[in-house]
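First comes the structure, then the notes that go with it.
Atoms within each ligand, like the ligands themselves, are counted from 1 in listed order.
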Amino acid sequence: MNFLQLNDNQLIKQANYLNGRWQVSNKFITVSNPANGVELGTIPVIDKLALEQTITAAQEAFDTYSKTNSYKRSEWLLKWYDLILSAQDDLAKILTQEQGKPLAEAKGEILYAASFIKWFAEQINADYGLTLNSPVDNKQFHTHKQAIGVAALITPWNFPAAMITRKAAAALAAGCSIIIKPSELTPFTAIALVELAHRAGFQKGVINLVTGNAPMIGDALCHDQRVKKLSFTGSTPVGQKLFAQSATSLKRLSLELGGNAPFIIFADADLDAAVDALMISKFRNNGQTCVAANRIYVDQNLQQAFLTKLKAKLPSLTVGNGMDKNVQLGPLINQAAVDKVHDLVASAISAGAKLEYQADLNESNSPFFPVTLLVDITPNMPIAQKEIFGPVLAVQWFDEETEVITRANSTDAGLAAYFFSDNIHRCQRVAGALDYGMIGINDGMVSNAVSPFGGIKQSGLGREGGHTGLAEYQYIKAHCYGQLS
Ligand code: ADP
């Protein structure tokens, strides 16, 4: 294990967490730092038998854990929350070294991740069923909420902490046992979080963590009838595959899939505020978020003012190893990601887009990508149709509100959308007309533990966080009492 500057080296285990114990395997995967290729450690490739035993353990743990009262579950969660806050420096260093984002941003993610644990620890004690007014004199109807069962949580590499806690905290609060399958590119943040959960005292089998061959693990979890819930965050093609694989077990699904967020700046916007928000929306995690501003629409009449303000900000974005001070943008996750962004930029330019700005990186063939600003993008270019997942601003111009709404909605994705306008009537109109699960109105960052996160169309199913987050891990049971006098 090769992580630098940790106070508590015990947070790193090169193992899976199965039924309350850290377990190694004789097959493993190597994990590297995307900024410099340094090998950080190895993680197990779980085999079918061990996975099967893990599901059995999770099922057994569910039988007792789901019956503990909510105050007890809330206490475990709050203990876990406290331990995460105490270990936040180490967690951020682990996250930066395996994922690449700058240390300050990594710490922001750890706090954001922790906020879900606190949120659901509080939500569950305020949760309740109903007594229904009965239309029949000698009957009573009640509803109860019950934990759905074993929940499988499959998470991506771009938010290695928050994507886990957003699912795990809701599931654990509701009374589910969980099997976490983090991305094999960023497993050590997950491992450290699970080690802290172990220290918080959750019973054995309630929390499990597996790594290895993702398609094999996904297939086994989807087909197993004992796994009652699958929550997945990742790409749309993999989400569709998991949806299909879950058909035979009729599993409850939450799917947080890809986006293609429009970011619209109307002529009546506060342009300074819009450009500031665009910088955050675009460059958080070096553009590698599913809610990043992907298609930037700017009113024709703002062209010059917009470009002047934006271009003044771009040179200050320092690219480098996220562990170094004063770095704002880390590497992309791997060379394939760099190549993909490069191809999107090249094909846009060859189709007529104008390269308005590109930073000088001095590093060819590196995992870093230069900050890039393209204008005159048209809807048929791949860069306007796919998630860029890199530090590239792709700007389109528009003339009218109805036209830009049509263009913004003409995509299969429906996750996040943003727009800026100082006209309250337009704000209400446009917010209603955009076909997206989350709308930022004069805001570039919509995620918060209190607010439901999720999309429509090909961006997925279900909502995480917010006041409905628990319901994703519960079913409603109706009790009907008869023969009453
Ligand atoms: P990304 O492009 O963001 O890596 P993926 O959808 O490929 O998105 O990966 C998201 C998560 O899904 C990761 O944990 C990955 O290992 C996992 N994954 C990838 N393919 C499969 C699959 N066939 N079945 C189950 N999980 C998968």
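Less than 4.0 angstrom separates some heavy atom of Pro215 from each of these atoms of ligand 1: 22 (C), 23 (N), 24 (N). Near Trp157, with a cut-off below 4.0 Å to any heavy atom, the atoms of ligand 1 are 1 (P), 3 (O), 4 (O). Interface of Pro182 with ligand 1, defined as ligand atoms under 4.0 Å from a residue heavy atom, comprises 14 (O). Interface atoms of ligand 1 facing Glu184, defined by a heavy-atom separation under 4.0 Å, are 16 (O). Distances below 4.0 Å separate heavy atoms of Ser235 from the following atoms of ligand 1: 5 (P), 6 (O), 7 (O), 8 (O). Annotation for ligand 1: atoms under 4.0 Å from non-hydrogen atoms of Leu242 are 24 (N), 25 (C).
Among all non-hydrogen protein atoms, the one lying nearest atom 12 (O) of ligand 1 is Phe232 CE1, 3.2 Å. Considering only non-hydrogen protein atoms, atom 25 (C) of ligand 1 sits nearest to Ala214 O, 3.3 Å. The protein atom (non-hydrogen) at minimum distance from atom 21 (C) of ligand 1 is Val238 CG1, 3.5 Å. Protein heavy atom closest to atom 15 (C) of ligand 1, with residue, atom name and distance, is Lys181 NZ, 3.6 Å.
Remark: ligand 1 and Thr233 share no N or O pair separated by less than 3.5 Å (distance only, no angle test). Note: an N/O pair closer than 3.5 Å links Thr155 and ligand 1 by distance alone.
A salt bridge is defined here as a Lys NZ or Arg NE, NH1 or NH2 lying under 4.0 Å from an Asp or Glu carboxylate O, and Asp82 with Lys118 fails to meet this definition. Under 4.0 Å is where a charged nitrogen must lie from a carboxylate oxygen, and between Glu105 and Arg284 no such pair does. Salt-bridge formation is detected for the pair Asp276/Lys313: a Lys NZ or Arg NE/NH1/NH2 atom is positioned less than 4.0 Å from an Asp or Glu carboxylate oxygen.
Ring pair Phe116/Phe120 is parallel by interplanar angle, where below 30° counts as parallel and above 60° as perpendicular.
Within a 6.0 Å radius of CZ in Phe243, other residues, nucleotides and ligands contribute 12 heavy atoms or fewer. The 12-atom threshold is not exceeded at CG of Asn326, counting heavy atoms of other residues, nucleotides or ligands nearer than 6.0 Å.
Without hydrogens or angle criteria, Ser25 side chain to Val45 main chain gives a donor-acceptor distance under 3.5 Å.
For the pair Leu230 and Ile154, the minimum side-chain heavy-atom distance is below 4.5 Å.
Phe263 pairs in a ring pair (Phe, Tyr, Trp, His ring centres under 6.0 Å) with only one of the listed residues (Phe420, Tyr297, Phe419), which is Phe420.
Contact annotation for atom 9 (O) of ligand 1: protein absent (non-hydrogen atoms, distance under 4.0 Å).
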